[in-house]
Amino acid sequence: MTTYREAMRAAIREALQRDDRVFLLGEDVGRYGGGFAVSLGLLEEFGPSRVRDTPLSEAGFVGAGIGAALGGMRPIIEIMTVNFSLLALDQIVNNAATLLHMSGGQFNVPVVIRMTTGGGRQLAAQHSHSLEGWMAHIPGLRVLAPATVEDARGMLWTALQDPDPVLIFEHGSLYNVASDLADDAGAVDIDHAAIRRTGADVTIIAYGGTVPTALDAAEALAAESVDSEVLDLRTLRPLDDAAILTSVAKTHRAVVVDEGWRTGSLAAEICARVMESAFYDLDAPVARVCSAEVPVPYAKHLEAAALPSAERVVAAVREVVGAHV
Amino acid sequence: MTTYREAMRAAIREALQRDDRVFLLGEDVGRYGGGFAVSLGLLEEFGPSRVRDTPLSEAGFVGAGIGAALGGMRPIIEIMTVNFSLLALDQIVNNAATLLHMSGGQFNVPVVIRMTTGGGRQLAAQHSHSLEGWMAHIPGLRVLAPATVEDARGMLWTALQDPDPVLIFEHGSLYNVASDLADDAGAVDIDHAAIRRTGADVTIIAYGGTVPTALDAAEALAAESVDSEVLDLRTLRPLDDAAILTSVAKTHRAVVVDEGWRTGSLAAEICARVMESAFYDLDAPVARVCSAEVPVPYAKHLEAAALPSAERVVAAVREVVGAHV
Amino acid sequence: MITERARVAIEEDPEHARDLLRQMLRVRRFEEACVELYSATKIRGFLHVYIGEEAVATGVMSVVGPDDSVVATYREHGHALLRGIPATAIMAEMFGRVEGCCRGRGGSMHLFDRESRFFGGNAIVAGGLPLAVGLALADKMRGRDAVTVCFFGEGAVAEGEFHESMNLAALWDLPVLFCCENNLYAMGTALDRSESQTDLALKAAGYAVAAWAVDGMDVLEVESAARRAVDAIRAGSGPHFLELRTYRFRAHSMFDPERYRSKAEVEQWMGRDPVAQLKAALETADELPDDTWSKLQKDVDDEVREAIAFAEAGHLEPVDQLERFVYSDRVAPT
Amino acid sequence: MITERARVAIEEDPEHARDLLRQMLRVRRFEEACVELYSATKIRGFLHVYIGEEAVATGVMSVVGPDDSVVATYREHGHALLRGIPATAIMAEMFGRVEGCCRGRGGSMHLFDRESRFFGGNAIVAGGLPLAVGLALADKMRGRDAVTVCFFGEGAVAEGEFHESMNLAALWDLPVLFCCENNLYAMGTALDRSESQTDLALKAAGYAVAAWAVDGMDVLEVESAARRAVDAIRAGSGPHFLELRTYRFRAHSMFDPERYRSKAEVEQWMGRDPVAQLKAALETADELPDDTWSKLQKDVDDEVREAIAFAEAGHLEPVDQLERFVYSDRVAPT
Ligand SMILES: Cc1ncc(C[n+]2csc(CCOP(=O)(O)OP(=O)(O)O)c2C)c(N)n1
Ligand SMILES: Cc1ncc(C[n+]2csc(CCOP(=O)(O)OP(=O)(O)O)c2C)c(N)n1
Ligand SMILES: [Mg+2]
Ligand SMILES: [Mg+2]
């Protein structure tokens with residue numbers, strides 16, 4: 001069994017081994033071993049130049065990573081958590097996402113920016129954001145959300161081959177998830193969504209930390225003979241419209257599970273797209289299970305109430321499936 | 001005739017006169033008169049303490065404004081353009097929007113943050129963002145988009161009475177728009193959307209800089225005997241669901257015009273809400289006219305092609321109204 | 001080994017010295033309990049303790065008045081306690097109870113108190129500095145004779161928000177006391193790996209801010225430096241910066257294998273334990289009879305025990321209140 | 001009034017001095033044309049001219065080699081021209097033509113050129129500094145003997161990104177030359193209203209970065225300082241910071257009523273026009289015969305005229321190409 005954390009670490013190690021232009025930089029990625037212990041041991045293996053601790057200066061080191069990419073390197077930038085990425089948004093939005101276009105195609109920015117995202121660990125309002133859907137608003141970026149150990153192992157290398165900036169969001173609750181991983185597991189495609197469970201009655205669309213939630217809900221629903229298809233988006237920008245529409249064309253019903261706040265969520269985008277492209281396929285409006293629109297509270301019971309849960313997904317599916325089952 | 005710029009200035013002047021806790025701070029609001037000349041003359045009238053020039057330090061002075069609000073003042077913070085607000089997002093999202101909740105209701109943040117938004121003036125990729133819909137994702141904020149001279153005149157005072165942070169987005173293309181303004185024009189409500197044109201066949205939903213576009217389109221459509229209702233959202237967070245749903249219940253068709261990039265736009269949120277609440281009222285899927293998903297290019301013809309236009313709105317309405325007219 | 005300053009200070013006001021000891025001990029014992037309660041899963045989330053650094057907040061807080069404002073970091077249990085938030089309310093907060101100082105919404109990293117002008121509790125490194133500048137600006141504009149004290153770690157110095165805040169405070173001549181708690185590490189990053197120039201007080205010169213370094217393990221030194229700075233600020237001489245040289249004895253948080261520093265280094269610093277130092281000084285001066293010390297310890301232990309009992313007995317905010325405090329209850333604006 | 005350095009420099013290499021004059025004049029004439037073309041609505045958006053500041057970019061660029069990298073601001077026509085981007089391509093860019101150096105997508109504020117390692121053209125104040133740090137980091141990690149030169153205004157110094165970049169460059173000992181174009185104003189904000197401490201070279205000490213101030217109106221002074229700094233950087237002594245004291249003769253942009261400074265101040269600085277100064281020095285040294293000067297002027301005027309003609313004759317990118325360059329054309333990654 002391999003944990004998501006170990007898979008991520010193996011992916012970084014492989015990248016450092018295979019391409020000497022690759023290096024890891026971020027706060028405490030070296031001696032500390034990473035805020036979430038993802039890079040533990042890599043400093044010893046690759047040295048302080050390629051596993052590069054930075055001071056607390058998110059704008060500075062994210063911008064430096066972008067500059068290094070312009071200079072021919074392939075940086076993996078770790079922002080300890082998505083919450084701190086707000087300090088680096090100018091660099092991400094105004095530079096990384098924009099330079100290629102502004103320069104008329106001359107300067108691409110082959111950088112990968114990884115960060116931990118999400119709530120559920122009682123870290124309260126400043127440490128529990130789920131901003132991956134929000135970031136997916138920005139043209140010029142590609143946004144990934146590995147939900148499985150296999151994707152944690154395989155998305156990084158593919159992302160590093162992308163000539164343009166890629167953000168990878170690792171949900172904090174996934175690091176300890178373990179599953180079997182083939183010895184030769186390696187790069188995976190990052191262009192397509194994946195069906196994690198096939199079903200006929202409803203499509204539950206999820207990504208990252210909400211995939212296990214969706215699968216749990218699907219299990220519970222199976223007991224009520226509701227047969228759910230679970231679609232893992234995997235890539236949040238660009239969205240795999242075909243996968244979404246194919247599934248919805250089959251089930252005629254969908255529920256989107258998204259840990260982002262409801263208003264302006266990625267779930268809203270999916271609703272809009274399904275309506276635009278499959279309006280007449282739908283037997284019910286697409287439903288959303290998102291986070292409550294509150295800064296995430298510390299207290300366990302309040303936090304749990306704020307975030308999507310299998311129970312809330314089950315309830316939403318029941319509503320969508322309605323009297324038809 | 002009063003311009004939008006003059007109306008905004010009159011609103012700031014009135015606020016400075018009426019409440020000695022109010023002050024204006026931002027880059028070049030004083031001697032320069034404001035990057036868009038909104039505050040021209042106010043330094044002379046109110047002095048450098050209350051019309052306070054700041055160094056180039058968006059995080060610093062936005063955070064200072066938030067702190068001053070905690071300390072009992074009523075700051076109006078001007079961020080010269082929305083593009084620079086990316087540098088202050090940590091303060092806006094992690095502090096302004098969050099302090100009330102984290103403190104269990106003890107510390108509200110009565111701050112108003114104004115900024116110029118939008119494209120259309122050939123300012124290219126780093127100076128043409130429309131991020132107001134994006135910001136509307138954040139719980140704890142109220143987001144306003146005055147589209148008329150009256151609202152430019154009246155929204156500020158109401159916003160200053162709000163105990164919580166309010167962002168006001170002023171579309172750069174509106175500053176020179178002029179219309180009659182009553183001598184006694186003053187505070188306006190900021191809770192409701194406004195119907196700017198009544199119509200029966202389709203609801204065109206717009207806000208800020210796209211309201212004139214929507215009205216132009218409605219005029220053109222009238223010539224084709226399509227009778228459009230134009231709804232100006234005015235407040236982007238919280239959305240006035242009732243106004244949207246009432247209009248859609250009447251027209252059964254809607255087109256949202258939003259200068260934000262399409263994916264993850266406010267328009268997507270509106271689509272989702274209409275689907276959630278009025279699915280069976282709809283005669284056609286809600287359509288979106290948004291910005292093309294590109295960093296806004298400099299060249300005039302490319303920029304024009306990237307942004308919503310009356311022609312694109314007309315085309316979208318025609319599609320939505322379809323064969324029924 | 002007892003410093004001359006300690007000798008004199010104790011001689012002049014032994015009661016005050018004992019009170020400083022008591023304050024430090026309150027923080028120490030409270031946090032020791034927190035660590036245990038964390039292991040017992042009563043407290044969750046991130047927990048950052050201040051053990052070893054108590055002299056800093058104790059010395060500074062001793063010269064701060066009720067109209068002054070305080071801004072702190074996520075390592076702020078001590079600051080909150082010293083500022084006067086009841087131990088009960090802090091502990092209940094960490095238990096996630098509605099009786100907590102933030103109704104359970106903040107937790108360890110977000111303690112707030114309106115009454116004592118304690119403005120958090122900020123989990124974004126350097127995120128509190130601009131707020132402190134603004135609070136001081138408000139005081140200055142309102143003509144209030146107050147000081148805003150802002151605590152932050154030496155790790156924050158690398159952040160842009162530090163730079164912008166120092167410049168604004170100095171440019172506008174604001175009554176801010178910047179207290180840099182230099183414990184030599186930001187998580188696992190030693191100061192010399194985060195700053196090209198490690199003399200932090202010298203950095204303040206770049207902003208024309210008066211600054212000096214202080215032995216942060218000696219509460220009397222800290223108090224005296226803080227008094228000097230606060231007096232100068234109240235006299236109108238603008239922001240001041242103190243580099244308080246200290247050390248955290250424990251891990252950064254509950255998830256820290258401490259691979260970045262040696263046991264020997266930790267032990268060396270523990271030899272300068274601020275609580276033990278002041279206790280020894282009082283003993284040397286014959287100002288801490290056994291029964292006084294016992295009573296002091298007992299009072300502190302009682303306070304902590306009571307806090308835990310209070311927290312245990314606390315209630316949960318009803319879930320239907322989840323969305324409250326996102327916006328103000330719509331009464332008249334404050 | 002001719003300086004000793006100028007006398008010697010001209011004596012040693014009159015051809016080179018004439019070339020510096022020619023380069024400054026190229027920038028001057030090109031931008032004078034831009035202003036006219038702006039009034040004629042051929043150029044749109046924001047236009048920020050460098051008139052008065054030409055000695056800075058000319059002197060610095062003179063010591064920068066082809067493998068070095070350059071990062072500039074939105075006031076960068078001069079830098080682009082001096083770096084070797086053809087005037088034709090720059091002018092076409094400002095006309096929004098596909099023949100422009102960025103195919104018309106960038107405009108005045110976003111000139112880029114891959115071949116000459118000219119990395120923009122950044123309209124976010126201080127936004128280019130972290131990029132420069134990263135470019136230098138890449139050079140260092142690849143073992144390339146190159147320097148990254150980063151231009152920015154004194155207004156940028158207040159931004160957090162300046163602070164973070166200086167620290168990173170120094171901490172990692174990177175080959176960056178920070179060129180602070182101190183023209184005393186950031187839009188309408190005078191330096192002493194943006195910085196609590198206005199000696200910018202001294203600020204660099206806070207990062208342990210070698211720094212000095214230079215007369216930015218004297219191209220020979222600038223060149224000599226830049227050479228000294230670049231040589232030191234190439235010799236491995238880490239980042240350097242130059243404060244180049246200069247002045248912009250024109251408004252900040254085309255929308256600036258210039259209410260924040262006096263005509264007298266502007267005129268006084270115009271008396272130190274870098275073009276006029278060097279021309280006078282060459283004349284004094286008898287190194288600028290009338291026909292040489294005429295020829296030089298004619299060449300420059302021809303270049304500008306050609307650029308305009310080229311831009312006028314340019315084409316528009318087909319609208320169906322709008323969404324190109326948001327992502328790389330999917331060929332093999334570079
Ligand atoms: C902006 C930001 N980046 C990263 C973090 C993660 N983090 C939490 S504490 C910490 C170290 C801070 O060190 P210092 O400022 O010295 O304070 P100390 O913990 O030593 O008291 C880091 C990196 C954060 N909270 N905020
Ligand atoms: C982050 C940011 N804030 C504000 C602006 C608006 N702005 C453009 S130029 C400028 C002044 C910059 O002054 P300085 O850095 O001294 O450069 P100069 O224009 O004098 O060359 C300002 C405030 C901006 N472009 N970027
Ligand atoms: Mg520290
Ligand atoms: Mg300047």
Side-chain angles (χ1 to χ4, degrees), chain B residues 20-23 25 48-50 52-75 77 87-88 90-91 93-111 138-142 160-165 191 237-238, chain C residues 69 71 93 98 100-107 109-115 117 119-124 126-142 144 148 160-161 163-169 171-172 174 317 323-334:
Chain B
D20 67 1
R21 299 171 305 173
V22 169
F23 68 108
L25 86 165
S49 174
R50 298 187 68 205
R52 183 172 289 263
D53 279 324
T54 68
L56 276 146
S57 7
E58 285 77 5
F61 72 76
V62 171
I66 296 167
L70 290 171
M73 301 297 286
R74 292 288 180 276
I77 305 174
L87 289 160
D90 169 53
Q91 289 298 325
V93 176
N94 278 323
N95 284 337
T98 311
L99 283 164
L100 180 71
H101 193 79
M102 291 193 303
S103 68
Q106 293 179 85
F107 290 115
N108 61 308
V109 181
V111 78
I138 308 297
L141 302 180
R142 181 188 276 266
L160 282 165
Q161 307 318 301
D162 195 303
D164 302 315
D191 292 320
R237 183 181 185 96
Chain C
S69 301
V71 176
E93 183 61 29
V98 71
C101 57
C102 301
R103 307 177 66 100
R105 282 172 160 83
M109 302 198 288
H110 303 296
L111 305 172
F112 287 84
D113 185 48
R114 190 174 181 86
E115 212 179 299
R117 303 187 65 77
F119 293 92
N122 204 307
I124 304 299
L129 277 80
L131 300 186
V133 170
L135 285 159
L137 176 61
D139 283 337
K140 182 169 174 152
M141 291 183 77
R142 305 305 280 172
R144 291 188 290 241
T148 298
E161 293 190 352
H163 173 72
E164 298 185 6
S165 299
M166 290 288 285
N167 186 44
L168 285 176
L171 190 66
W172 294 341
L174 301 178
E317 175 97 88
E323 301 197 12
R324 203 174 156 205
F325 308 129
V326 180
Y327 298 96
S328 296
D329 298 339
R330 293 290 154 162
V331 292
T334 53

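In the text below, chain A, chain B and the rest are named by the order of the sequence lines, each starting its count at 1. Given the structure is predicted, the values throughout are model-derived calculations rather than measurements.
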What distance do [X] atom [atom1] and [Y] atom [atom2] have between them, rounded to the nearest 0.5 Å?
X: C:Asn122; Y: B:Met102; atom1: CG; atom2: CE; answer: 6.0 Å
X: C:Asp113; Y: B:Ser103; atom1: CG; atom2: OG; answer: 10.0 Å
X: C:Ser69; Y: B:Leu70; atom1: OG; atom2: CG; answer: 9.0 Å
X: B:Phe107; Y: C:Phe119; atom1: CZ; atom2: CZ; answer: 4.5 Å

message: List the residues meeting salt bridge (Lys or Arg N to Asp or Glu O under 4.0 Å) with C:Arg103, not counting sequence neighbours, and say none if there are none.
response: C:Glu317

- prompt: Given a strict heavy-atom distance threshold of 4.5 Å, which part of C:Leu171 is in contact with chain B: side chain, backbone, both, or neither?
  reply: side chain

message: Using heavy-atom distances under 4.5 Å, tell me whether C:Leu168 contacts chain B through its side chain, its backbone, both, or neither.
response: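 Only the side chain of C:Leu168 comes within 4.5 Å of chain B.
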
field: Shortest non-hydrogen separation from C:Arg144 to B:Gly71 and the atoms involved
entry: NH2-O, 2.7 Å

message: Minimum heavy-atom separation for C:Val133 and B:Ala64, please, with both atom names.
response: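 The answer is CG1-CB, 4.0 Å.
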
field: Non-neighbouring partners of B:Gln91 that pass side-chain contact (heavy atoms from CB on, under 4.5 Å), sequence neighbours left out
entry: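 Result, side-chain contact (heavy atoms from CB on, under 4.5 Å) vs B:Gln91: B:Val62, B:Ile66, B:Asn95, C:Pro130, C:Leu131, C:Glu161.
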
Given side chains that start at C-beta, do those of [X] and [Y] come closer than 4.5 Å, heavy atoms only?
X: B:Phe23; Y: C:Leu137; answer: yes
X: B:Met73; Y: C:Arg142; answer: yes
X: C:Glu164; Y: B:Glu58; answer: no
X: C:Ile124; Y: B:Asp90; answer: yes
X: C:Cys102; Y: B:Gln106; answer: yes

Can you tell which part of [X] gets under 4.5 Å to a heavy atom of chain C, answering side chain, backbone, both or neither?
X: B:Leu87; value: neither
X: B:Thr54; value: both
X: B:Phe61; value: both

Quick one: does any side-chain atom of [X] pair with a main-chain N or O of [Y] as donor and acceptor, under 3.5 Å?
X: C:Tyr327; Y: B:Pro139; value: no
X: B:Asp164; Y: C:Ser328; value: yes
X: B:His101; Y: C:Arg324; value: yes

When only pairs under 4.5 Å are counted, which of [options] shares the most heavy-atom pairs with chain C?
options: B:Ser49, B:Pro75, B:Gly72; answer: B:Ser49
options: B:Gly140, B:Gly63, B:Gly105, B:Gly60; answer: B:Gly140
options: B:Ala69, B:Gly65, B:Ala68; answer: B:Ala68

- request: Look at atom CD of C:Glu115 and say whether more than 12 heavy atoms of other residues, nucleotides or ligands are closer to it than 6.0 Å.
  value: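 No, because the 6.0 Å sphere around CD of C:Glu115 holds 12 heavy atoms or fewer from other groups.
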
